Protein chains: 2
Amino acid sequence: MTISESKTTVASVSEVIRQKIQGGCYKPHEFIREASVAQELAVSRTPVREALRALVSEGWLEAIPNRGCRVAAWTQQDAREVFDIRLVLEPMAVGLACHRIDADTLNRLDSLCRSMEVLTEKVETRPEVRNQIAALNLEFHQAMVNASGNSRLIGVLESLVRSSLISRNFANYDIGHLRRSMRHHAEILQAVRAGNQEWVENIMRAHLLAARTLHMDA
Amino acid sequence: MTISESKTTVASVSEVIRQKIQGGCYKPHEFIREASVAQELAVSRTPVREALRALVSEGWLEAIPNRGCRVAAWTQQDAREVFDIRLVLEPMAVGLACHRIDADTLNRLDSLCRSMEVLTEKVETRPEVRNQIAALNLEFHQAMVNASGNSRLIGVLESLVRSSLISRNFANYDIGHLRRSMRHHAEILQAVRAGNQEWVENIMRAHLLAARTLHMDA
DNA sequence: TGACTTTATATTGCATGCAATTTTGGATTT
DNA sequence: AAATCCAAAATTGCATGCAATATAAAGTCA
């Protein structure tokens, strides 16, 4: 794990820590010490401090005064909370999007859909494509939400979804579930193309509810 | 303006800057310089930096790399965005709350309602009570949202509402609007007491829509 | 032995100094 | 006079050192 680009040091450090949390390199409730990160990345404690605070406000870590920051633990309760909020905000987002989305974005979503469908049919022989599907799925949802044009909505959903880890985990999906999910995506896209707000809101709700039962019952 | 309590320096500095923004002491788009704040409050630049970054993530300021932070300007677009989101999240919150609210909270809400009603009848002779009403109104909404039990929902709405300034401004309300708003509060409370989710969701939507037309059309 | 105090260590919180970047004012050129 | 360039000032970004605080461990007393 190494510092990637040449933006600010804080951004690079944040990125590294985020990836390490996602990758399971830091475990839930594990404290992340400023000094160790600083030494490991060969920077001073100052940018590390700022990166940690940023990650706290993004929901990746929780801060305990005078004790430091530790990786946020993910409980069933947390999963339910995030799903409950997504269940009202994402339909709202696509509902807004269907009135103002442009052709370029539609094409991009189309291509994401097709890529995911292709990968889906490979999942039984090459299980590792699940991660690629998860990444594309995240892109799809984000592109949809971005098309809503409500910058606060975009920000809220971004932080909810990115920190949730759920969207990176398609492990519970068998081939049937995956295919249904792909059909949902295609239908969401159709409904947006048609500019039919009620349709898109409801198919999005169905999409999320299907996902919820998979994640929560398992 | 002075540092109040003896928690961490960062928290104190944040508090002071927040108040100065609310109070109009810093104007929209005005840059807040680390050095000047540090000197003014007799602390070093380090806690000021951290406070500024916190305020950025709360939506009070916007950060421009290598340029500093400036007070976020509030546009009609921003107001619309916040209202649109509140319009789906607050009904959801009270809908959840009506199934799990406890007697103490209900009493507290009751007392807030009565206080606001009393103040409302004084508003024509003593205009300065508008600020008190606004403060109690904020408390009322927050107590309601807190009763939802969804910590992320609470956090999202807190940051949306607190940074919006709109809820602190009852200037556009004539006595008729104020009385209607108070009736809404009472009815929300009744509906929550009755545990009637659909009722409380809809009266909350009506409450917010009434407020929106006042704020947006003005 | 068990509870309490004390001391040592680890860690965050804050201050200060220097480097890097951006802005600004004036000098220079066309 | 307008535009361009350059240098000085202002400002953020980062590093380092010290102080304050919390944790852990050792020691003391009943």
Side-chain angles (χ1 to χ4, degrees), chain A residues 1-21 25-73, chain B residues 1-21 25-73:
Chain A
M1 205 84 55
T2 169
I3 293 183
S4 50
E5 302 178 29
S6 70
K7 19 181 193 182
T8 109
T9 310
V10 175
S12 308
V13 174
S14 307
E15 184 63 25
V16 171
I17 298 177
R18 240 190 307 265
Q19 286 175 3
K20 285 189 133 181
I21 296 174
C25 185
Y26 291 126
K27 287 174 191 156
H29 277 153
E30 179 179 345
F31 276 88
I32 299 186
R33 300 300 176 190
E34 298 173 0
S36 22
V37 176
Q39 187 175 9
E40 193 176 338
L41 301 180
V43 296
S44 89
R45 273 180 51 218
T46 308
V48 175
R49 271 182 80 78
E50 297 188 1
L52 290 179
R53 296 203 120 98
L55 293 171
V56 167
S57 78
E58 288 175 24
W60 295 93
L61 306 175
E62 54 186 346
I64 301 175
N66 291 316
R67 291 281 319 269
C69 304
R70 64 181 187 187
V71 178
Chain B
M1 209 78 61
T2 167
I3 293 182
S4 49
E5 305 178 29
S6 70
K7 21 182 192 184
T8 105
T9 309
V10 176
S12 308
V13 174
S14 306
E15 184 63 26
V16 171
I17 298 177
R18 240 191 308 265
Q19 286 175 2
K20 284 189 133 181
I21 295 174
C25 184
Y26 291 126
K27 288 174 189 156
H29 276 154
E30 178 179 347
F31 276 87
I32 299 186
R33 300 300 177 189
E34 298 173 1
S36 17
V37 176
Q39 188 175 7
E40 193 175 339
L41 301 182
V43 296
S44 90
R45 273 181 51 221
T46 308
V48 175
R49 271 181 81 78
E50 297 188 1
L52 290 179
R53 296 203 122 98
L55 293 170
V56 167
S57 77
E58 290 175 21
W60 296 91
L61 305 175
E62 54 185 348
I64 303 175
N66 291 316
R67 292 280 319 269
C69 303
R70 64 181 187 185
V71 178

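Just so it is clear: chains get the letters A, B, ... in the order the sequence lines come, proteins before strands, and each one is counted from 1. Note that the structure is a prediction, hence the values are computed from the model and not measured. No hydrogens, no waters, no symmetry mates; every other heavy atom, side chains included, goes into these values.
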[X] [atom1] to [N] [atom2]: how many Å, rounded?
| X | N | atom1 | atom2 | answer |
| --- | --- | --- | --- | --- |
| A:Leu52 | C:dT12 | CG | P | 8 Å |
| B:Arg70 | D:dT12 | CZ | C1' | 16 Å |
| B:Leu41 | C:dC14 | CG | P | 13 Å |
| A:Leu61 | C:dT12 | CG | P | 12 Å |
| B:Glu50 | D:dG13 | CD | P | 13 Å |
| B:Arg33 | C:dT23 | CZ | C1' | 9 Å |

SB check A:Lys20 A:Glu40 (cutoff 4.0 Å):
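Yes, charged N to carboxylate O under 4.0 Å.
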Touch check for B:Ile64, heavy atoms < 4.0 angstrom, all strands: base, sugar-phosphate only, or nothing?
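No contact at all - B:Ile64 keeps every heavy atom at 4.0 Å or more from the nucleic acid.
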Does B:Arg45 reach a base, just sugar-phosphate, or nothing at all? Heavy atoms under 4.0 Å.
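Base: the residue B:Arg45, judged by heavy atoms under 4.0 Å, touches a nucleobase.
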Test log, rule salt bridge (charged side-chain N to carboxylate O under 4.0 Å, His left out), inputs B:Arg18 and B:Glu15:
CA-CA 5 Å; B:Arg18 240 191 308 265; B:Glu15 184 63 26; 3.6 Å; yes
How far apart are the C-alpha atoms of A:Arg53 and B:Glu50, what are their side-chain angles, what is the distance that settles it, and do they pass the side chain to side chain contact (heavy atoms under 4.5 Å, CB included) test?
CA-CA 8 Å; A:Arg53 296 203 120 98; B:Glu50 297 188 1; 2.7 Å; yes
Check whether any side-chain heavy atom of B:Leu61 sits under 4.5 Å from a side-chain heavy atom of B:Ile21, and report yes or no.
yes
[N] phosphate, OP1 or OP2, under 4.0 Å from [X] side-chain N/O:
| X | N | answer |
| --- | --- | --- |
| A:Arg67 | C:dT11 | no |
| A:Thr9 | D:dC14 | yes |
| B:Thr46 | C:dC14 | no |

Please say whether more than 12 non-hydrogen atoms of neighbouring residues, nucleotides or ligands are located less than 6.0 Å from CD in A:Gln39.
no
Nearest listed nucleotide, side chain of B:Pro47, among C:dA15, C:dG13, D:dT12
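Comparing C:dA15, C:dG13, D:dT12 against the side chain of B:Pro47, the answer is C:dA15.
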Of the candidate nucleotides D:dA15, C:dT11, D:dT12, which contains the atom at the shortest distance from the side chain of A:Ser44?
D:dA15
Identify, between A:Asn66 and B:Arg49, the residue whose nearest nucleotide on DNA chain D lies closer to the 5' end.
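Mapping each residue to its closest nucleotide by heavy atoms, the 5'-most match is B:Arg49.
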